[in-house]
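Step one of this worksheet: look at the structure below.
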Amino acid sequence: MTKVRLFLIGIGLFYIINLIGTLPFSTLGLFGTMYPGVELRVGEPIFTVLQDAWAVVGLQLGAIGVVALWGALDPVRYEAVIPVVIATEVVDSLWDFYSIVWSHEALWFGLVTLAIHVMWIGWGLLAWSAVASNR
């Protein structure tokens, strides 16, 4: 169960870092990098809506991250977190693809995030197969 424990710790920490990165105090610089050349309308209500939406995404990831870290204490009992992470990463990959093609996300930024999603999906599948082989 070491593979599962390491996966749960890794994704837990990663998702908590994502939570911090999506909070309003840290998104201004991030949005400028993600969407270069897009008028962000900082200070206007529409920008606050964008920040709030990203904060909600971060809170959801943070919640999964906390459960994953808790689950690392008893990986067999919390193995169901793995397919939740895989599904989350698949959906986020689709969102990044959409963002690159239709929402003016910087190509390099989108490709990096897609690579990260693929890495987590792959690691998740390896952890999930470790669970299956343990049965």
Exercise. Is there a path from Tyr15 to Ile17 through hydrophobic residues (I, L, V, M, F, W, Y) whose side chains come within less than 4.5 Å of each other?
Worked result: no
Exercise. Linking I/L/V/M/F/W/Y whenever their side-chain heavy atoms sit closer than 4.5 Å, directly or via other members, would Val76 and Ile82 fall into one cluster?
Worked result: yes
Problem set entry | Thr88 and Trp120, any side-chain heavy atoms less than 4.5 Å apart | no
Exercise. For Phe109, does the CZ atom sit with more than 12 other heavy atoms under 6.0 Å from it, leaving out its own atoms?
Worked result: yes
Exercise. Quick one: do Met119 and Leu114 end up in the same hydrophobic cluster if we chain Ile, Leu, Val, Met, Phe, Trp and Tyr together by side-chain heavy atoms under 4.5 Å apart?
Worked result: no
Exercise. Heavy-atom count around Leu13 CG within 6.0 Å, excluding the residue itself: above 12?
Worked result: yes
Exercise. Does the side chain of Val38 come within less than 4.5 Å of Phe31's, by heavy atoms?
Worked result: no
Exercise. Less than 4.5 Å apart, any side-chain heavy atom of Glu105 and any of Asp96?
Worked result: yes
Exercise. Do Leu61 and Leu19 share a hydrophobic cluster (ILVMFWY, side-chain heavy atoms under 4.5 Å, transitive)?
Worked result: no
For this session: Kindly indicate whether the side chain of Glu89, heavy atoms from C-beta on, has any atom under 4.5 Å from the side chain of Trp123.
Result: no
Exercise. If we only count heavy atoms from C-beta on, is the Ile20 to Phe25 side-chain gap below 4.5 Å?
Worked result: yes
For this session: Applying side chain to side chain contact (heavy atoms under 4.5 Å, CB included) between Phe7 and each of Thr2, Val131, Val85, Leu126, report the one that passes.
Result: Val85
For this session: Group every Ile, Leu, Val, Met, Phe, Trp and Tyr by side-chain heavy-atom contacts under 4.5 Å, then state whether Val81 and Leu73 land in the same group.
Result: yes
Exercise. Of all heavy-atom pairs between Ala68 and Ile11, which one has the smallest distance, and what is that distance?
Worked result: CB-CG2, 3.8 Å
Seminar exercise, completed: In terms of heavy-atom contacts, Gln51 and Pro24 come closest through NE2-O, 3.1 Å
Exercise. Do Leu8 and Leu69 have side chains that get closer than 4.5 Å, going by heavy atoms?
Worked result: no
Exercise. Got a donor-acceptor contact below 3.5 angstrom from the Asn18 side chain to the Phe14 backbone?
Worked result: yes
Problem set entry | Which atom of Ala130 lies closest to which atom of Met1, heavy atoms considered | O-CE, 4.1 Å
Exercise. Hey, does Ile121 have a side-chain heavy atom less than 4.5 Å from the side chain of Ser93?
Worked result: yes
Exercise. How close do Ile9 and Ala72 get, heavy atom to heavy atom, and via which atoms?
Worked result: CG1-CB, 3.5 Å
Exercise. Below 4.5 Å, heavy atoms only, C-beta onward: do Ile116 and Val112 meet side chain to side chain?
Worked result: yes
